[in-house]
Amino acid sequence: MLLALEVKNLVKYYGDFKALDGVSFEVEKGEIFGLIGPNAAGKSTTLKIIATLLSFDSGNISVFGNDLLKNRQKIRSIISYLPEEAGAYKNLSGQDYLNFIASFYSKNQEERDLLVKKAEEIADLGEKIKEKASTYSKGMIRKLLLARALMPEAKLTILDEPTSGLDVLNSIKIRNIIKKFREKGITFLISSHNMLEVEYLCDRIALIDKGKIVESGKAKDLEEKYQVQNMEEVFEKATNHYV
Amino acid sequence: MSNFFVIFKKEIRETLNKQLIFSLAFTILIFIFLGQMIGSQIDKEATKEVSIALLDLDQTPTSNEIKTILTGLPASQANTTENINEDKNLPSKIKITEITETQEREKAIEIAKAKNLSTLIFIPQGFETNLQKGEKTKLEVFSIFKDFSLVAATSAGQIETIIQALNKSLSEAYFQKTLPNVNIKNILNPIEVKNSIVIKDKIQEGSPEMVIGLISSQAAFVPMILMIIIIYCGTIMITSMATEKENKTLETLLTMPIKRETIIMGKMAGAAVVGFLMAAVYMFGFNYYFNSMIPSEEATTTLTLTDLGLKMGPLEYLILGISIFCSILVALALSMFLGVFSEDTKSAQSMIAPIAILAMVPFFLLMFQDFGEMPIIMKIILCIIPFSHPILASRTLLFGEYQTALLGVLYLIILLGIIVFFLLKIFNTDKVLTAKFSFKKKR
């Protein structure tokens with residue numbers, strides 16, 4: 001079976017600091033895969049490398065069979081990435097921003113309009129979508145950016161802390177949208193430090209700590225393995241970080 | 001729509017916001033307002049009468065003659081009437097106010113001040129006697145400054161003209177009495193010079209100073225435009241890159257299915273259009289402002305470079321256009337390079353300094369000195385600075401000399417290629433996200 005993503009022995013240094021120390025995991029086509037861990041564990045670095053933004057020192061990455069070192073441009077056409085700290089162009093309206101992004105994924109005006117319409121529905125900003133992004137709250141920006149990331153229905157959608165800055169209701173809504181998109185065959189790689197969210201959303205999970213994958217598998221299997229109730233307790237036991 | 005146009009359009013929409021449009025419109029209005037104010041003031045000064053206070057302690061026919069020379073009217077009427085003076089060297093209207101209340105200089109100055117007169121001419125006793133003896137005679141002139149404005153300086157400058165005219169007229173009057181049958185003007189100025197300039201195959205009446213003046217004033221237009229465009233385009237480019245970093249939009253853009261070259265070119269083209277627009281607005285404003293400072297009479301008699309046969313044809317304009325275009329591309333590429341190292345819009349403001357300096361150095365050096373007369377080291381420096389080449393081209397092309405301009409274009413193209421090569425290298429690595437200038441010492 002063709003894997004959506006294959007990461008093998010990924011090593012990344014920031015100067016003398018080893019941010020990733022042999023990270024390896026696989027994501028199957030059509031699944032929601034969660035990378036969970038505390039702050040500075042290496043989640044965002046891993047995602048940025050897969051999104052072709054950062055270089056790495058050693059290891060191999062393959063996205064739908066495309067070697068990342070050899071086919072960066074090809075990979076960019078099949079992924080969509082939402083950074084944890086992202087913004088929109090302040091002088092453009094939400095609608096103009098979506099139009100701008102949709103232009104890169106559509107062949108004609110009709111396709112573009114359809115993409116924008118779909119994104120507007122996901123963003124659910126009402127009339128505010130026609131106003132400049134500089135007038136948006138943090139949560140509204142996040143919803144706009146999530147809509148932007150989901151809009152192209154990329155084969156692999158990478159979401160770094162997707163619900164960061166969103167209230168409970170909006171978070172639930174976004175999780176439901178992600179699940180709906182999974183049904184369309186889209187593969188998701190999601191990072192989060194909210195382990196309960198990942199447990200609810202993801203088919204499989206990898207726990208990352210200090211640049212290393214310490215455990216991976218289905219949430220239920222991991223809870224059984226460690227004889228605990230939830231993923232937070234799995235993380236405590238797997239990493240020996242007892243609070 | 002191609003990806004290039006999508007980015008190009010976004011850049012323009014992002015940069016050309018309401019605030020910028022308002023600030024450009026406001027700038028034009030300010031320039032027009034200032035131009036009209038100063039223009040009308042200068043025109044008024046040029047045609048205004050010069051009021052002079054006169055304290056004549058000599059009270060002789062010669063001292064009376066001074067009033068006649070200045071006003072062109074008999075002495076008896078001179079201190080009461082405004083007159084149109086026929087001597088072209090003198091201000092068109094001179095009004096003499098003779099001070100009779102005192103014979104002391106200091107008190108006369110106070111009276112002149114009280115009457116708001118800007119000049120006091122003091123004719124001491126023995127003025128005529130000295131002249132008749134053929135000795136130098138003294139005439140004291142007091143310029144009373146109320147402020148130090150340009151207008152005050154113009155008034156003070158007119159006094160020098162008045163004294164020269166007095167000297168000339170008194171000499172002529174003296175010789176006329178001694179040698180009544182001789183044309184005194186011919187004796188005083190026996191040589192009449194007719195100056196002509198030869199440029200290419202054309203002979204034109206005029207002095208070399210006039211040509212140099214024309215070249216430095218009219219040919220300064222290209223460097224001035226270039227300098228302003230480079231600074232504005234550079235600022236827009238650096239700010240655009242810094243804003244992408246600050247607003248965290250660059251990461252998203254770099255993961256889109258767009259070629260790095262397209263991002264670079266689209267951003268450069270967008271910055272160029274907005275930069276050109278801003279430069280055009282400022283050039284229009286400057287031009288309007290400076291033209292309004294030339295009195296309207298002078299403006300109609302100005303000779304142009306075309307009158308001197310210094311005219312560029314379509315080929316010369318094409319080469320100059322390519323040279324300017326290439327130098328602007330170099331400025332944009334350099335600015336983008338610097339923008340990559342900006343962390344935010346604040347740090348971007350200081351990043352424009354190197355570009356501004358590179359644009360200003362050739363502008364000021366070539367304004368005051370001819371390239372051919374410069375020391376070799378200065379020539380090398382100017383040739384290395386990319387923005388010197390369009391300025392040099394604008395001058396050499398006027399004389400039909402192509403080599404300098406074409407070599408300049410070649411240099412600019414090579415330099416642009418090198419900068420874009422390194423830009424692409426940076427954009428293809430994570431340096432585009434992580435690069436920043438650090439002035440901290442490494443441990």
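All of these numbers come straight from a predicted model, not from anything done at the bench. The chains referred to below are lettered A, B, ... by the order of the sequence lines, with proteins before strands, and numbering in each begins at 1.
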Enquirer: Hey, which of T434(B), V432(B), I7(B), T243(B) has the most heavy atom pairs under 4.5 Å with chain A?
Expert: I7(B)
Enquirer: Does any heavy atom of chain B fall under 4.5 Å from the side chain of E85(A), the backbone, both, or neither of them?
Expert: both
Enquirer: To the nearest 0.5 Å, what is the distance between CE on M140(A) and CG on D124(A)?
Expert: 10.0 Å
Enquirer: Given that the side chain runs from C-beta out, which part of N108(A) has a heavy atom under 4.5 Å from chain B: side chain, backbone, both or neither?
Expert: neither
Enquirer: Heavy-atom cut-off 4.5 Å, strictly under: side chain, backbone, both or neither for K48(A) against chain B?
Expert: side chain
Enquirer: Just checking, any donor-acceptor pair under 3.5 angstrom between side chains of Y14(A) and T45(A)?
Expert: yes
Enquirer: Parallel under 30°, tilted from 30 to 60°, perpendicular over 60°: which one fits the rings of F33(A) and F25(A)?
Expert: parallel
Enquirer: Take Q95(A) and N99(A) through the test side chain to side chain donor-acceptor pair (under 3.5 Å) and record every step on the way to the result.
Expert: CA-CA 6 Å; Q95(A) 197 171 51; N99(A) 249 303; 5.6 Å; no
Enquirer: Does K118(A), at its NZ atom, have more than 12 non-hydrogen atoms belonging to other residues, nucleotides or ligands within less than 6.0 Å?
Expert: yes
Enquirer: Using only non-hydrogen atoms and a strict under-4.5 angstrom cutoff, which residues of residues 248-262 of chain B touch chain A?
Expert: K248(B), T249(B), E251(B), T252(B), L253(B), L254(B), T255(B), M256(B), P257(B), I258(B), K259(B), R260(B)
Enquirer: Taking atom types as modelled, find out whether T187(A) and E31(A) have a side-chain donor-acceptor pair closer than 3.5 angstrom.
Expert: no
Enquirer: Below 4.5 Å, heavy-atom pairs only: which of P83(A), A154(A), S55(A), A51(A) has the largest tally toward chain B?
Expert: S55(A)
Enquirer: Tell me, for N247(B) versus chain A, whether the close heavy atoms (under 4.5 Å) come from the side chain, the backbone, both or neither.
Expert: both
Enquirer: Quick check on E244(B) against chain A: is it the side chain, the backbone, both or neither that has a heavy atom closer than 4.5 Å?
Expert: side chain
Enquirer: Parallel, tilted or perpendicular, judged at 30° and 60°: which one describes the rings of F8(B) and F5(B)?
Expert: perpendicular
Enquirer: Can a donor-acceptor pair be found between the side chains of R76(A) and T52(A) at a distance below 3.5 Å?
Expert: yes
Enquirer: Do E84(A) and S164(A) have side-chain atoms, one donor and one acceptor, less than 3.5 Å apart?
Expert: no
